[in-house]
Amino acid sequence: MGQPHIEIKPLSGALGAEIHGLDLAADLDNSSMATVREAFVDHGVVFFMDQDLTPAQHLDFARRFGPIDINKFFETVEGYPEVAQVRKEAGDTTNIGGGWHTDHSYDEVPALGSMLYAKELPARGGDTMFASMYAAYDALSPGMKDMLDGLQAVHSGARAFGPDAQSNKGRDAKFNLSEIALAEVEHPVVCTHPDSGRKHLYVNGGFTMRFANMTEAESAPLLQYLLQHAAKPEFTCRFQWRPGAMAFWDNSCTQHFALNDYHGQRRLMHRVTIQGRRPHA
Ligand code: SIN
């Protein structure tokens, strides 16, 4: 069999590209994998259309990028503890990921990437937005870049998964790990990506609590400024899901936001996260 014809279509000026011509259920050859890896590094988030994947095939593809990093807080797919369910039922009002965030930044070693596969979609709505933290960093003034250099930020899952978090209400006790969510870790505010060598901002609204050695109140003005700056439309792209689509994003140099605009309808996605590397300045 010949090499697949792979086409890469960038989605916006800042980040994101569709990759056409690959069947992710197949055992992809090394050259196809090299093309995917390169597109992932170049575009921050890549999208594959019209896939037909079992949870086992989803995991097999994810393992080509590294060992699986099991999410501590999500319900999983029966029989597949490494595959998380990102689910909103017709009667739910809140969704998972409904604010700008970077998966697992509350971990010492955050996840390298997340692969989200569409299982059931609302008739309309439920898009996901992504933002380039390279673009956000590049657009800062030299003075701001100097000020952020060497600054550390504290990250935690407390707001999203702690005792007071909305996501814990009505949850099965076995998934209620709210105490674990209170753990805090520190990461540099500006990191250098190990693959691209480029600098990017590394703060997010979901899990960054404050700057190290400062209170939340003291941190808020600068932190809020950076979060608003990072979400500027020109740093983003928006993906409209179709059945069988898969998104694969880099958790170090991007943030994402799951839109919650489809009340009364069910949306079910399968997510697999891949082990990453400790962020460094
Ligand atoms: C997530 O935040 O990982 C989920 C994103 C989505 O459901 O679109």
Side-chain angles (χ1 to χ4, degrees), residues 11-12 15-16 18 40 44-49 51 53 55 58-59 62 65 68-77 80 82-90 92-107 110-133 155-157 159-161 165-168 175 181 203-208 227 230-231 236-263 265-276:
L11 269 192
S12 82
L15 81 167
E18 293 185 0
F40 179 71
V45 52
V46 291
F47 305 96
F48 305 90
M49 307 307 142
Q51 302 297 320
L53 294 176
H58 187 168
L59 280 168
F65 296 87
I68 305 306
D69 181 353
I70 299 182
N71 184 283
K72 297 190 274 277
F73 303 109
F74 289 5
E75 293 182 41
T76 56
V77 173
Y80 294 93
E82 295 152 304
V83 184
Q85 291 191 45
V86 176
R87 195 180 71 223
K88 183 184 176 214
E89 298 291 354
D92 293 346
T93 51
T94 56
N95 68 336
I96 291 176
W100 285 109
H101 67 285
T102 303
D103 295 338
H104 296 204
S105 78
Y106 47 74
D107 285 337
L112 166 92
S114 304
M115 282 184 183
L116 190 70
Y117 178 54
K119 294 292 290 177
E120 278 182 60
L121 294 172
R124 61 171 191 275
D127 296 356
T128 307
M129 296 192 66
F130 296 86
S132 167
M133 300 299 269
H155 296 243
S156 156
R159 268 199 298 264
F161 307 111
Q166 186 66 29
S167 58
N168 276 327
F175 297 112
V203 287
N204 69 87
F207 307 124
T208 308
L227 296 176
T236 70
C237 71
R238 177 170 176 154
F239 185 64
Q240 191 171 23
W241 290 93
R242 286 174 250 160
M246 160 94 99
F248 176 29
W249 61 83
D250 184 327
N251 278 309
S252 42
C253 60
T254 69
Q255 291 190 87
H256 56 283
F257 188 134
L259 296 183
N260 186 12
D261 58 353
Y262 55 96
H263 292 325
Q265 298 177 73
R266 190 172 200 255
R267 181 177 183 269
L268 172 66
M269 319 291 272
H270 284 182
R271 198 181 85 176
V272 173
T273 35
I274 299 151
Q275 279 178 24

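In listed order, ligands and their atoms are each counted from 1.
- Put simply, the side chain of Arg267 gets close to the backbone of Gly126: a donor and an acceptor are under 3.5 Å apart.
- In this structure, Asn251 and His256 have side chains that are in contact, with non-hydrogen atoms separated by less than 4.5 Å.
- Side-chain atoms of Asn260 come within 3.5 Å of backbone N or O of Thr93 as a donor-acceptor pair.
- Contacts of Arg238 classified as salt bridge (charged side-chain N to carboxylate O under 4.0 Å, His left out), with partners at least two apart in sequence or in another chain: Asp127.
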Between ligand 1 and the protein, give all atom pairs where both partners are nitrogen or oxygen and the distance is under 3.5 Å, as lines of names plus distance to 0.1 Å.
residue	atom	partner	partner atom	Å
ligand 1	2 (O)	His101	NE2	2.9
ligand 1	2 (O)	His256	NE2	3.1
ligand 1	3 (O)	His256	NE2	3.4
ligand 1	3 (O)	Arg271	NH1	2.7
ligand 1	7 (O)	Arg267	NH1	2.7
ligand 1	7 (O)	Arg267	NH2	3.4
ligand 1	8 (O)	Thr128	OG1	2.5
ligand 1	8 (O)	Arg267	NH2	2.9

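- Within the 3.5 Å criterion, the main-chain N or O of Ser252 finds a donor-acceptor partner in the side chain of Asp250.
- Looking at His270 and Tyr80, their side chains never come closer than 4.5 Å, going by heavy atoms from C-beta outward.
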